[in-house]
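Here is the structure we will look at, set down as structure tokens.
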Amino acid sequence: MVISDICIIFGFAMRFCAEIIYIIAITLLSLWFASNHEHSLNTCKPSAPTEIGEEIITTDTIRLLFGGDLMQHLPQVVAARTYDGEYDYTTSFEHIAPMFRGADIAILNLETTITLSGRYSGYPCFASPPAIADALVDMGVDIALLANNHCCDRYRRGIETTIDELTKRNIAHVGVYRDSVDYRTNNIRYFECKGVDFALVNYTYGTNGMPIPKGKVVNLIDSVAIKRDLRSIPRDSVDCIIACMHWGIEYERKANAEQRRLSEMLRREGVDIIIGSHPHVVQPFEADSTHVVFYSLGNLVSNQRKHYTDGGLLAEVEIIRSDTARCLRYSTEAHPVWVLCPEYRVLPRHIGDTLPMPNTARQQYTQFMSDTQRLLGIE
């Protein structure tokens with residue numbers, strides 16, 4: 001074997017060894033990469049969630065809408081009469097109905113009784129056709145406040161018929177009761193919305209000197225009785241307490257000392273939202289993220305045309321509930337509304353600013369909106 005043959009054989013041997021070494025190296029490298037890659041997949045699982053991330057956080061917004069005094073002076077009843085002798089209030093409420101329907105819970109002060117007799121009357125003893133209850137249904141009203149100074153205007157029958165007609169239409173009532181059973185069941189009106197539990201109470205300063213019919217119950221403003229009611233509410237299962245108060249002095253545009261005293265007492269007793277009625281004019285309100293106090297919403301609808309009485313407020317209260325917050329949070333918006341005659345159309349500003357109306361009505365509308373915004377300090 002010559003040297004050249006030896007070199008050829010040696011070259012083949014070296015190439016073979018190199019290929020073996022290369023294969024071994026590649027195999028070892030692959031095994032190392034696979035091992036490390038598998039480890040990497042194990043450690044790159046989604047990182048452990050934070051305490052908040054471990055839970056499904058739920059945040060809900062509950063929208064409450066409160067309307068002021070729904071009066072029914074006789075000219076309003078006449079205006080609602082149709083050609084066939086029936087009654088229809090659609091025109092009166094058509095522009096605010098969407099706002100009520102859009103609320104989760106809608107509440108207003110029904111300051112008239114309902115009668116089936118056909119003997120309708122306005123001031124001083126209000127009695128209206130059942131069609132007014134149909135209007136509440138159409139608007140989406142959930143709860144009617146009955147504790148006001150006109151609740152006994154048609155005596156025993158007036159209370160019974162009013163409650164019966166509301167109940168037929170699945171509208172809850174509070175503040176006035178047909179008997180002791182109704183009182184025990186509904187004196188504190190409990191309801192739930194989106195996981196928030198509410199308790200609602202309603203009281204009036206009086207009944208215009210009209211005696212409360214035997215067997216009927218009207219919640220009168222009495223600090224001892226109010227405290228007893230509020231202290232009976234189980235706060236471990238109720239998140240928000242609402243007190244609707246028929247109080248104050250008619251036509252006074254500022255809350256008086258008695259309203260403020262009662263408001264402070266209600267707040268001390270755990271009330272979160274206070275809604276006032278009776279003065280027939282708008283009064284300033286107080287609100288922050290922890291509570292809301294509207295001293296008077298004024299008139300939702302009436303035939304009163306004197307300065308300041310021809311409109312009122314819709315009070316919108318948004319309640320924010322979150323699983324991560326211990327307390328509810330409140331935000332508030334006041335929507336001025338004005339009544340356009342002769343149809344008694346209730347006009348919120350987004351309608352009234354552009355709706356055609358006679359010059360005199362336009363001036364009155366503008367004056368009311370300007371006065372109300374100035375009083376409340378809103379744009």
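Listed here is the closest heavy atom pair of Asp179 and Val217: O-CG2, 4.5 Å. Between Ile233 and Ala199, the shortest heavy-atom distance links the atoms CD1-CB, 3.9 Å. Contact detail for Ile159 and Arg178: the closest heavy-atom pair is CG2-CA, 4.4 Å. Ile163 approaches His173 most closely through the heavy-atom pair CG2-CE1, 3.6 Å. Shown here for Leu328 and Cys240, the closest heavy-atom pair between the two residues is CD1-CB, 4.0 Å. In plain terms, the two heavy atoms of Leu376 and Ala334 that are nearest each other are CD1-CB, 4.2 Å.
Aromatic pair Phe93/Phe100: ring centres not closer than 6.0 Å. The aromatic ring centroids of Tyr308 and His280 lie 6.0 Å or more from each other.
Here the OG1 atom belonging to Thr91 is positioned 6.5 Å from the CZ atom belonging to Arg345, to the nearest 0.5 angstrom. Of the inter-residue distances, the one linking Tyr89 atom OH with Leu136 atom CG reads 10.5 Å to the nearest 0.5 angstrom. Going from atom OG1 of Thr59 over to atom NZ of Lys194 covers 12.0 Å, rounded to the nearest 0.5 Å. The distance from atom OG of Ser180 to atom CG of Asn187, rounded to the nearest 0.5 Å, is 12.0 Å.
The environment of OH in Tyr205 is crowded: more than 12 heavy-atom neighbours from other residues, nucleotides or ligands sit within 6.0 Å. No more than 12 heavy atoms of other residues, nucleotides or ligands shown are found within 6.0 angstrom of CZ on Arg329. Within 6.0 Å of CZ in Arg119 there are 12 or fewer heavy atoms belonging to other residues, nucleotides or ligands.
Hydrophobic clustering of Ile, Leu, Val, Met, Phe, Trp and Tyr side chains at less than 4.5 Å, counting indirect connections, keeps Val301 apart from Leu340.
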- Taking it one step at a time, do Val339 and Arg305 satisfy side-chain contact (heavy atoms from CB on, under 4.5 Å)? CA-CA 9 Å; Val339 180; Arg305 307 309 297 167; 3.7 Å; yes
- Task: Start with the C-alpha gap between Leu266 and Leu230, add the side-chain angles, then the distance that decides, and say whether side-chain contact (heavy atoms from CB on, under 4.5 Å) holds.
- Result: CA-CA 9 Å; Leu266 293 170; Leu230 295 176; 3.9 Å; yes
- I would like to know whether Tyr155 and Met210 meet side-chain contact (heavy atoms from CB on, under 4.5 Å); could you show each step before the answer? CA-CA 8 Å; Tyr155 310 105; Met210 303 285 282; 3.4 Å; yes
- Task: Would you check, one step at a time, whether the test side-chain contact (heavy atoms from CB on, under 4.5 Å) holds for Tyr330 with Val317?
- Result: CA-CA 7 Å; Tyr330 301 90; Val317 180; 4.1 Å; yes
- Please report the C-alpha distance between Thr366 and Arg362 in whole Å, then the side-chain angles of each, then the deciding distance to 0.1 Å, and finally whether the side-chain hydrogen bond (donor to acceptor under 3.5 Å, both in side chains) criterion is met. CA-CA 6 Å; Thr366 302; Arg362 173 60 62 189; 5.0 Å; no
- Test side-chain hydrogen bond (donor to acceptor under 3.5 Å, both in side chains) on Asn256 and Glu258 and set out the steps. CA-CA 6 Å; Asn256 63 16; Glu258 180 67 4; over 6 Å; no
- Message: Using the rule given for salt bridge (charged side-chain N to carboxylate O under 4.0 Å, His left out), can you reason through Glu286 versus Arg260, listing the C-alpha separation, both sets of side-chain angles and the distance that settles it, and then say yes or no?
- Response: CA-CA 11 Å; Glu286 302 166 0; Arg260 293 189 177 279; 2.8 Å; yes
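Using cut-offs of 30° and 60° for the angle between ring planes, the His73 and Tyr123 rings count as tilted.
For Thr162 and Arg154, the side-chain atoms include no donor-acceptor pair closer than 3.5 Å. Side-chain contact annotation: His350 with Asp353, donor-acceptor N/O pair under 3.5 Å absent. Side-chain contact check for Asp310 and Tyr365: no donor-acceptor pair (N or O, by modelled atom type) lies under 3.5 Å. Between the side chains of Asn299 and Gln304, at least one donor N or O lies within less than 3.5 Å of an accepting N or O.
The main-chain N or O of Tyr295 is found under 3.5 Å from a side-chain atom of Trp247 such that the two form a donor-acceptor pair. A donor-acceptor pair under 3.5 Å links the side-chain atoms of Tyr177 to the main chain of Asn186, judged by distance alone. At distances below 3.5 Å, at least one donor-acceptor pair connects side-chain atoms of Asn208 with backbone N or O atoms of Asn149. Side-chain atoms of Asp288 come within 3.5 Å of backbone N or O of His291 as a donor-acceptor pair. Put simply, the side chain of Asp142 gets close to the backbone of Ala106: a donor and an acceptor are under 3.5 Å apart. Asp197 contributes no side-chain N or O that, together with a main-chain N or O of Glu192, makes up a donor-acceptor pair within less than 3.5 Å. For the pair Asp153 (side chain) and Phe126 (backbone), a donor-acceptor distance under 3.5 Å is present. A donor-acceptor distance shorter than 3.5 angstrom exists from the side chain of Asn202 to the backbone of Cys244, with no hydrogens or angles considered.
Salt-bridge formation is detected for the pair Asp323/Arg321: a Lys NZ or Arg NE/NH1/NH2 atom is positioned less than 4.0 Å from an Asp or Glu carboxylate oxygen. Salt bridge Arg267/Glu264: absent, no basic N to carboxylate O contact under 4.0 Å.
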